[in-house]
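Please read the structure below before turning to the comments.
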Amino acid sequence: MNRNILIGGAWPYANNSLHLGHLAGLISGDILARYFRLQKDNVLYVSGTDCHGTPITETAKREGKTPKEIAESYHNEFVKTFELSEFSYDIYSKTDSDYHKKQVQKIFKRLYDNGYIYEKEEPQAFCENCNKFLQDREVEIICPQCKTVTRADQCDKCNYTPTDEDLIGGKCLNCGSVTVKKNNKNLYFALSKFQKIIEENTDKNKSKWRLNAKNETEKYLKQGLIDRAVTRDLSWGVEIPLENYESKRMYVWIEAVLGYITDTMKIAEERNLNWEDFWKEGHNNTIYMCHGKDNIMFHSVILNALLSALEENYHLVDVIVSTEYLNINDEKISKSKGNGITTLEMLEKYNADSLRYHIVNNGPEKKDTNFTLEEFIRTHNSEVLNKFGNLVNRTLRFKELNEVKVSDLDKKIREEIEKTYEEVQIAIESLEFKQATEKVMTLVEFANKYYDEQEPWKQRKEDINAFNKTIYNCTVIIANLSNLFEPFMPMACSKIREYLHLDSPAWEFVEINSDVKLENVEPLFNRI
């Protein structure tokens with residue numbers, strides 16, 4: 001029975017371009033989506049642009065534009081970036097869409113009716129000079145946990161999330177004044193009521209998570225979950241579907257994570273599917289969430305608490321796929337330093353498959369890693385081009401070769417291919433994507449060694465049957481590489497299938513049973 005697989009990619013904020021750290025954090029989702037499709041599972045891969053919240057309003061203020069203009073501009077840039085990155089989203093939407101707003105308001109009202117959203121008045125940071133309540137990103141504080149000076153939405157150093165009390169006495173980033181305490185009325189989500197449910201789901205699934213997700217989630221659970229505000233004093237965002245809250249908007253942390261559900265509803269309507277097959281219990285379903293480590297608690301804790309609070313038999317998130325940070329030239333990517341190479345810049349200049357491969361093979365899967373252009377070029381030239389590209393090139397573009405003739409398949413070659421499928425499957429399903437690419441590249445190296453040992457340039461003159469067998473065996477390996485490398489380098493794999501007249505990819509051994517006429521075979525990669 002085919003599984004129903006829901007894969008959520010974190011929603012990037014529409015206030016800055018996507019740097020390579022974003023690509024490193026999000027590519028896991030595309031790898032999984034492509035892999036499970038090869039397994040013939042029912043896959044929905046969803047994400048979108050987070051258009052609301054203080055960051056966008058701050059950017060709009062600086063640039064003299066409306067928040068909507070800023071959000072729309074970055075959303076269009078994100079769409080282009082993901083298209084060039086070959087991300088295979090089933091839907092990539094935005095939180096500013098009418099559909100998302102309407103559906104998330106219904107969900108919000110359900111949470112309220114269930115008694116998990118309640119009204120509370122309490123002290124909040126207020127700037128007397130600006131005459132306004134301040135949001136966390138508008139205040140600079142000293143982190144109570146690690147004592148670092150940081151903006152008050154989340155500590156850059158230790159990822160601590162400050163409370164409203166922490167903001168009082170901080171510095172207003174708008175004018176520099178010290179904030180004071182003033183009572184403000186907001187709606188809160190009763191996160192604390194879900195401590196036991198989150199603990200149980202974490203214990204049940206943490207063996208499948210990356211270590212950082214396990215540690216970060218358990219840290220929050222050990223501290224004890226606290227209720228969180230779900231409304232903010234903003235004019236830009238999703239309106240609150242309750243009376244007396246017309247001047248406030250939904251906090252982005254609640255409406256953005258609910259976007260995974262609204263996306264599923266939308267694409268299910270378009271494809272005549274049942275969205276509940278992916279989100280409700282009893283449908284042979286698995287839910288993956290893919291993101292950087294700064295987003296862990298929003299998916300392992302908050303999203304699961306919201307799903308539970310709906311009291312509609314929701315299936316909770318099974319697998320958290322969280323990466324560490326990608327640094328650039330030994331420095332943490334920083335907007336103020338301007339050191340973050342944008343993904344779009346790289347894709348407009350270099351091969352997308354090579355960038356994907358390098359980010360997976362040398363990226364922050366388990367620890368913070370460093371990106372340099374020199375290392376990327378080395379990966380492209382020595383690994384992607386000289387090994388994989390060269391195997392395809394010298395096999396399918398052998399001088400005056402117009403046709404690959406069916407011959408006997410070497411038993412050892414079939415065994416190596418089938419072993420690679422097994423090993424790569426285990427690696428991918430264990431979230432060991434770097435290991436998976438290494439296993440596939442080992443098969444490439446095996447094929448190149450076989451090619452060199454057979455010396456087809458000599459066989460062509462001395463023993464044409466031996467030559468045909470060598471080319472056929474190498475071509476069978478290449479055909480299977482178009483499956484094995486599909487989650488990582490989809491453009492090259494698509495070209496191989498075109499050259500060999502193969503059908504859609506699948507996670508199974510491919511044997512070529514009829515002669516293959518070779519036409520318009522071009523090199524997969526060019527040297528940088």
Side-chain angles (χ1 to χ4, degrees), residues 7-30 33 44-105 135 137 153 232 234-239 249-267 269-270 289-292 294-295 298-299 303 333 335 340-348 352 355:
I7 300 168
W11 297 50
Y13 263 137
N15 74 318
N16 199 12
S17 297
L18 298 173
H19 54 65
L20 290 178
H22 290 111
L23 179 65
L26 295 175
I27 196 169
S28 299
D30 192 61
L44 285 184
Y45 177 29
V46 305
S47 186
T49 301
D50 190 346
C51 297
H52 301 132
T54 311
I56 287 92
T57 59
E58 287 180 348
T59 302
K61 192 185 303 179
R62 284 195 306 270
E63 298 186 14
K65 298 178 180 178
T66 66
K68 188 175 185 67
E69 288 173 329
I70 293 295
E72 193 65 22
S73 174
Y74 279 114
H75 172 71
N76 292 334
E77 183 182 317
F78 295 172
V79 169
K80 181 179 180 182
T81 300
F82 288 129
E83 286 177 350
L84 291 177
S85 300
E86 293 296 312
F87 274 36
S88 58
Y89 290 121
D90 289 282
I91 180 173
Y92 184 84
S93 65
K94 56 184 177 179
T95 58
D96 190 40
S97 73
D98 291 337
Y99 187 91
H100 172 78
K101 290 178 182 179
K102 180 181 177 182
Q103 296 299 334
V104 91
Q105 284 174 330
Q135 310 307 321
R137 289 183 63 91
D153 55 339
R232 305 196 92 180
L234 292 172
S235 59
W236 171 244
V238 178
E239 292 84 356
R249 297 293 180 268
M250 278 188 210
Y251 212 147
V252 291
W253 68 259
I254 181 171
E255 59 110 344
V257 295
L258 291 173
Y260 298 116
I261 301 175
T262 65
D263 260 7
T264 310
M265 291 174 170
K266 182 74 163 60
I267 194 67
E269 284 183 16
E270 293 175 0
M289 290 292 152
C290 305
H291 45 76
D294 53 341
N295 273 311
F298 293 103
H299 297 86
L303 177 56
I333 297 175
K335 186 177 179 182
I341 302 173
T342 73
T343 303
L344 192 56
E345 288 170 339
M346 288 293 294
L347 291 168
E348 289 177 339
L355 183 60

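With sequence neighbours excluded, the residues that form a side chain to side chain contact (heavy atoms under 4.5 Å, CB included) with Lys80 are Leu84, Leu344, Glu348. Checked against salt bridge (Lys or Arg N to Asp or Glu O under 4.0 Å), Lys68 has the following partners two or more places apart in sequence or in another chain: Asp96. For Asp153, the salt bridge (Lys or Arg N to Asp or Glu O under 4.0 Å) partners are Arg137, not counting sequence neighbours.
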Notebook entry, point to check: What do the steps show when you test His22 against Phe78 for ring pair (Phe, Tyr, Trp, His ring centres under 6.0 Å), and what is the final call?
Noted result: CA-CA 11 Å; His22 290 111; Phe78 295 172; 7.5 Å; no
Note to self: For a side-chain contact (heavy atoms from CB on, under 4.5 Å) check, start with the C-alpha distance between Met289 and Phe298, then their side-chain angles and the critical distance, and finish with the verdict.
What the structure shows: CA-CA 10 Å; Met289 290 292 152; Phe298 293 103; over 6 Å; no
Next item on the list: Determine, step by step, whether Tyr89 and Asp30 satisfy the side-chain contact (heavy atoms from CB on, under 4.5 Å) criterion, reporting the C-alpha distance in whole Å, the side-chain angles of both residues, the deciding distance to 0.1 Å, and the verdict.
Entry: CA-CA 7 Å; Tyr89 290 121; Asp30 192 61; over 6 Å; no
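You'll find the side chain of Tyr74 stays beyond 4.5 Å of the side chain of Ile56, heavy atoms only. Under the 4.5 Å side-chain criterion, counting only non-hydrogen atoms from C-beta, Glu63 is in contact with Thr59. At a threshold of 4.5 Å between non-hydrogen side-chain atoms, the residues Glu255 and Arg249 do not count as touching. A 4.5 Å side-chain heavy-atom check between Trp11 and Cys51 finds every atom pair outside the cut-off. You'll find the side chain of Tyr92 stays beyond 4.5 Å of the side chain of Asp263, heavy atoms only.
Closest non-hydrogen pair, Pro67 versus Thr57, comes out as CG-CG2, 4.1 Å. Nearest heavy-atom pair, His52 versus Tyr13, reported as atom, atom and distance to 0.1 Å: O-CE2, 3.6 Å. Between His299 and Asn295, the closest heavy-atom pair is ND1-O, 2.8 Å. Nearest heavy atom pair, residue Thr343 against residue Leu23, reads OG1-CB, 3.9 Å. Across all their heavy atoms, Ile70 and Ala14 have their closest contact at CG2-O, 3.5 Å. Annotation for Leu18 and Pro12: closest pair CD2-CB, 3.6 Å, computed over non-hydrogen atoms.
Rounded to the nearest 0.5 Å, atoms CD (Glu239) and CE (Met250) are 8.5 Å apart. Note that NE2 of His100 and OG of Ser93 are 7.5 Å apart. Values are rounded to the nearest 0.5 Å. Considering CG of Leu20 and CG of Leu355, their distance stands at 6.0 Å, rounded to 0.5 Å. In this structure, Asn15 CG and Ser73 OG are separated by 11.5 Å, a value rounded to the nearest 0.5 Å. Taken to the nearest 0.5 Å, the OG1 atom of Thr81 stands 10.0 Å off from the CD atom of Glu345.
At distances below 3.5 Å, at least one donor-acceptor pair connects side-chain atoms of Ser47 with backbone N or O atoms of Gly9. Not a single donor-acceptor pair under 3.5 Å links the side chain of Thr95 to the backbone N or O of Asp50. Side chain of Tyr260 to backbone of Val46: no donor-acceptor contact under 3.5 angstrom is found. For Gln105 (side chain) and Val238 (main-chain N/O), no donor-acceptor pair under 3.5 Å exists by modelled atom type.
Screening Lys94, Glu77, Glu72, His75 against Thr49 for a side chain to side chain donor-acceptor pair (under 3.5 Å) leaves a single residue, His75.
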